[in-house]
Amino acid sequence: MDIALKILLVIFSVGLIAVVLLQKGKSAGLSGAISGGAEHLFGKQKARGLDLFLQRLTIALAVGFFFLSLVVAYVVQQ
């Protein structure tokens with residue numbers, strides 16, 4: 001059980017890294033920080049299609065990774 005949880009944790013971590021790297025950047029350097037930040041703050045750009053899917057997958061993998069890391073830490077301690 002311990003080995004299976006650790007393997008699942010590694011799969012979640014590699015998946016999380018891959019999904020984060022697949023997302024495109026939200027700003028375009030310094031000019032994006034000045035002008036594009038306001039548009040992102042007020043929600044004028046909504047994620048659609050693949051961007052929305054990657055965003056939701058990132059959240060799901062992050063929650064799963066956090067939960068699995070707590071479970072593995074608890075199981076290993078005992």
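Position 1 is the first residue of the sequence; numbering continues from there. These numbers come from a predicted model, not from an experiment.
At a threshold of 4.5 Å between non-hydrogen side-chain atoms, the residues F12 and L8 count as touching. Side-chain contact between V76 and K6 is present, with at least one heavy-atom pair separated by less than 4.5 Å.
Put simply, V71 and M1 are part of the same group of oily side chains (I, L, V, M, F, W, Y) that touch within less than 4.5 Å, one to the next. Both F53 and L22 are assigned to one and the same hydrophobic cluster, defined by single-linkage of ILVMFWY side chains at heavy-atom distances under 4.5 Å. Residues F67 and I17 are members of separate hydrophobic clusters, defined by side-chain heavy-atom contacts under 4.5 angstrom among Ile, Leu, Val, Met, Phe, Trp and Tyr. The hydrophobic clustering, which links ILVMFWY residues whose side-chain heavy atoms are closer than 4.5 Å, places L50 and V19 together. In the hydrophobic cluster analysis, where Ile, Leu, Val, Met, Phe, Trp and Tyr join through side-chain heavy atoms closer than 4.5 angstrom, F65 is grouped together with V75.
Contact detail for L16 and T58: the closest heavy-atom pair is CD1-O, 3.7 Å.
L52 CG to L57 CG: the interatomic distance, rounded to the nearest 0.5 Å, is 11.0 Å.
Not one N or O on the side chain of Q23 forms a donor-acceptor pair closer than 3.5 Å with the backbone of D51.
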